[in-house]
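The figures that follow rest on heavy atoms only: side chains count, while hydrogens, waters and symmetry mates do not. Per chain, numbering begins at 1; letters A, B, ... match sequence-line order.
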2 protein chains.
Amino acid sequence: MTPRTSAQGRSTAIEAATTSVEDYAKTIYGLAEWDGASVTASALARTLGVSNPSVSLMMRKMADLGLVEHRPYAPIALTPAGRQLALAMVRRHRLIETWLVRELGYGWEEVHEEAERLEHAVSETFVDRLDVRLGHPRVDPHGDPIPGPDLQLDYPETLLLCRVPAAMKVRLEQVDDAVPDALSALDTHRVPIGAQVTVQATDRGAVVLTPLTPGGQDSPGAPPTQDDQSAAAGSIRLAHEVAHAMRVSVVR
Amino acid sequence: MTPRTSAQGRSTAIEAATTSVEDYAKTIYGLAEWDGASVTASALARTLGVSNPSVSLMMRKMADLGLVEHRPYAPIALTPAGRQLALAMVRRHRLIETWLVRELGYGWEEVHEEAERLEHAVSETFVDRLDVRLGHPRVDPHGDPIPGPDLQLDYPETLLLCRVPAAMKVRLEQVDDAVPDALSALDTHRVPIGAQVTVQATDRGAVVLTPLTPGGQDSPGAPPTQDDQSAAAGSIRLAHEVAHAMRVSVVR
DNA sequence: AGTATGATTTAGGCACACCTAAAACTGCAA
DNA sequence: TTGCAGTTTTAGGTGTGCCTAAATCATACT
Ligand SMILES: [Mn+2]
Ligand SMILES: [Mn+2]
Ligand SMILES: [Mn+2]
Ligand SMILES: [Mn+2]
């Protein structure tokens, strides 16, 4: 896609961002935020579904544009300008997802792919009007916080579920919408965002938990599924990968 | 942009359409429909804002894809497959415009640009859900008919305003949203789509007309503007270019 | 017919964003 | 400390879509 035409002049480099540049910026930001580790070229390549050389080349380009800090063979970090761009994309993405769920009847597992395309096509004006129409939502359907018009973002204090010690009571705050297994696990066991659960046991990243709050509100659908090999009724086992796709806050 | 990922398999070539191919198809269709003339390479180039050689090359590509019929130096026509693609894009475009006006508070002069980008980013699913949400609208904010899910399209019998003979009573059916002067002229003189007017005189494509129906309903805004050099109160002069951007149906 | 004029196509290039294969670097481990 | 395995970068190449400049073609006018 050609460089973005839209909007009114702000940071030059951000104006010239292509679809690819926007996705790289957003992905770097996302990786760094989700689990605080430093971002490597190969992690970026894996997440974006491109080859390592492509990342290398793009990093040079984005360094030239002043969007990333990157000395060869070192980890990758966004510059302040890069973070601005990333936050702008995150805002678009999450507002669009919220709108798709609230007004077009999308399921929370469908919206990510659609938003991934739309985020590059909408104007700044569009985003602002959508924000107003939705009443300035603070989180998206997956619990991810939405940056305000000023791109400010306040995170709740959260941990990766796969790192929570056993016997702790936590509240489900966010799910990674790019991990379908995580979304379907929560759907299956009727654990919505905001539900409280107790971590019964942990096993090298995998966790077993029991719902506390809404848990099994028996909405019309499948009967209390007991598919997993979990013995205790209401006991839920999540694989490491799935537990890595959820963030929780500590209760009490 | 890379080839379209979305949707379920239909006509292979249509699946593989890029943003550019989609725009070419839509534009060829639009030119042919608006004033029934045959589509030339340079008209296409002018409308799309690209050079003639670009059109030449693209026509070879689209001929190979089976989307257009084009022998060198001859006029350009869509194949049935090309028409399918064009109609699908027209449907997207017009539904999106309708939604932007109805639900996001856009003015009818703002929507075209936004839709021009969004139409390439939305999925088939999205379009269908939007259609349902809007209640299957039959025309967009500019009076252009919207193809149904089956891509069927029924046009009202209309003429280009610039070709209407004098002393005829007509109803304004469509405005070309890509001609800002036409939209602002109608805004200024408070002539909405559906209004009836009499063509007082014609002058080599330019027309002078008098509103009949809603005409000057004095909505809160500027006072009955008499900016033009038109003498009679309520008499409106439209330049050829502007009159070419409107289609009307004959009344009675 | 003979030629000028404009429309159209061909030739040659550029920018982006990818890819595979080959080289270069790093850091850990024998 | 030396080697080697994995990571990262360089080299070389593809597909799209666009451009300018230089042919070509079609035809309308003398
Ligand atoms: Mn998402
Ligand atoms: Mn994206
Ligand atoms: Mn339009
Ligand atoms: Mn378009």
Side-chain angles (χ1 to χ4, degrees), chain A residues 1-5 12-28 31 37-65 67-77 85 89 116-117 119-121, chain B residues 1-5 12-28 31 37-77 85 89 116-117 120-121:
Chain A
M1 188 179 261
T2 48
R4 178 159 284 278
T5 55
T12 53
I14 290 182
E15 293 299 297
T18 61
T19 293
S20 278
V21 167
E22 291 178 342
D23 275 339
Y24 274 86
K26 196 184 57 161
T27 303
I28 295 167
L31 284 177
S38 67
V39 178
T40 66
S42 30
L44 239 193
R46 188 164 4 97
T47 309
L48 284 165
V50 300
S51 70
N52 276 7
S54 297
V55 171
S56 249
L57 236 49
M58 184 56 107
M59 286 311 95
R60 199 211 302 296
K61 204 168 305 180
M62 290 179 70
D64 290 348
L65 288 172
L67 296 172
V68 301
E69 204 82 62
H70 178 48
R71 314 206 55 68
Y73 295 96
I76 295 161
L85 175 57
M89 295 315 295
E116 201 58 51
R117 275 173 284 110
E119 66 190 4
H120 308 288
Chain B
M1 190 179 262
T2 49
R4 180 158 285 279
T5 57
T12 53
I14 290 182
E15 294 298 297
T18 61
T19 293
S20 277
V21 168
E22 291 177 343
D23 275 339
Y24 274 86
K26 196 185 55 162
T27 304
I28 294 168
L31 284 176
S38 67
V39 179
T40 66
S42 30
L44 239 193
R46 188 164 3 97
T47 309
L48 284 165
V50 301
S51 70
N52 277 7
S54 297
V55 171
S56 247
L57 236 49
M58 184 57 106
M59 286 311 95
R60 198 211 301 297
K61 204 167 305 182
M62 288 179 72
D64 290 348
L65 287 172
L67 296 172
V68 300
E69 205 83 61
H70 179 49
R71 314 207 55 69
Y73 294 97
I76 295 160
L85 175 57
M89 294 315 296
E116 201 57 51
R117 276 175 283 109
H120 308 288

K.L.:
Starting from C1' on dC16(C), measure out to CD on E22(A) and report it in whole angstrom.
P.N.:
14 Å
K.L.:
Take the protein atom CG of D64(A) and the nucleotide atom C1' of dA15(C), then report the distance between them rounded to whole Å.
P.N.:
15 Å
K.L.:
Indicate, with a heavy-atom threshold strictly under 4.0 Å, whether S56(A) touches base, sugar-phosphate, or nothing.
P.N.:
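Since a base atom lies under 4.0 Å of S56(A), the category is base.
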K.L.:
Taking 4.0 Å as the cut-off, does a side-chain nitrogen or oxygen of S54(A) come that near to OP1 or OP2 on dC19(C)?
P.N.:
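S54(A) to dC19(C) OP1/OP2: side-chain N or O found under 4.0 Å.
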K.L.:
Classify the nucleic acid contact of S51(A) as base, sugar-phosphate or nothing, counting any heavy atom under 4.0 Å across all strands shown.
P.N.:
base
K.L.:
Indicate whether OP1 or OP2 belonging to dC16(C) is found under 4.0 Å from a side-chain N or O atom of S20(A).
P.N.:
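No, because none of the side-chain N or O atoms of S20(A) sits under 4.0 Å from OP1 or OP2 of dC16(C).
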K.L.:
Any base atoms under 4.0 Å from P53(B), or only sugar-phosphate, or nothing? Heavy atoms, all strands.
P.N.:
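Result for P53(B) = base.
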K.L.:
Could you tell me whether the phosphate oxygens of dT9(C), OP1 or OP2, come under 4.0 Å of any side-chain nitrogen or oxygen in H70(B)?
P.N.:
yes
K.L.:
In whole angstrom, what separates L57(B)'s CG from dT20(D)'s P?
P.N.:
14 Å
K.L.:
State the CG-OG distance between L44(A) and S56(A), to the nearest 0.5 angstrom.
P.N.:
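These two atoms lie 10.5 Å from each other.
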K.L.:
In whole angstrom, what separates D23(B)'s CG from dC18(D)'s C1'?
P.N.:
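Distance check: D23(B) CG to dC18(D) C1' gives 14 Å.
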K.L.:
May I ask you to verify if any side-chain N or O of T40(A) is less than 4.0 angstrom from the OP1 or OP2 atom of dT7(D)?
P.N.:
no
K.L.:
Please state how far atom CZ in R60(A) lies from atom C1' in dA11(D), giving the value in whole angstrom units.
P.N.:
12 Å
K.L.:
Can you tell me how far P of dT8(C) sits from CZ of R46(B), to the nearest Å?
P.N.:
10 Å
K.L.:
Under 3.5 Å, is there an N or O donor on one side and an acceptor on the other linking the side chain of Y73(B) and the base of dT24(D)?
P.N.:
yes
K.L.:
In terms of the nearest nucleotide of DNA chain C, which residue is placed more toward the 5' end: P72(A) or N52(A)?
P.N.:
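Whichever sits nearer the 5' end wins; that is N52(A).
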K.L.:
Can you tell me how far NE2 of H120(A) sits from CE of M89(A), rounded to the nearest 0.5 angstrom?
P.N.:
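Reported value, rounded in 0.5 Å steps: 5.0 Å.
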K.L.:
In whole Å, what is the span from the CD1 atom of I76(A) to the C1' atom of dT9(D)?
P.N.:
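So the CD1-C1' distance, I76(A) to dT9(D), works out to 12 Å.
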K.L.:
Once you round it to whole Å, what is the distance between P of dC18(C) and CE of M58(A)?
P.N.:
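So the two atoms are 6 Å apart, to the nearest Å.
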K.L.:
Does M58(B) reach the side chain of V21(B), with side-chain heavy atoms less than 4.5 Å apart?
P.N.:
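Of all side-chain heavy-atom pairs linking V21(B) with M58(B), at least one is under 4.5 Å.
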K.L.:
Check this one for me: any side-chain N or O of Y24(B) less than 4.0 Å away from OP1 or OP2 of dC18(D)?
P.N.:
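Yes.
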K.L.:
With a 4.0 Å limit, can you tell me whether T18(A) has a side-chain N or O closer than that to the phosphate oxygens OP1/OP2 of dA17(C)?
P.N.:
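For dA17(C), OP1 or OP2 has a side-chain N or O of T18(A) closer than 4.0 Å.
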K.L.:
Taking atom CD as the centre, does E116(A) end up with more than 12 heavy-atom neighbours from other residues, nucleotides or ligands that are less than 6.0 angstrom away?
P.N.:
yes
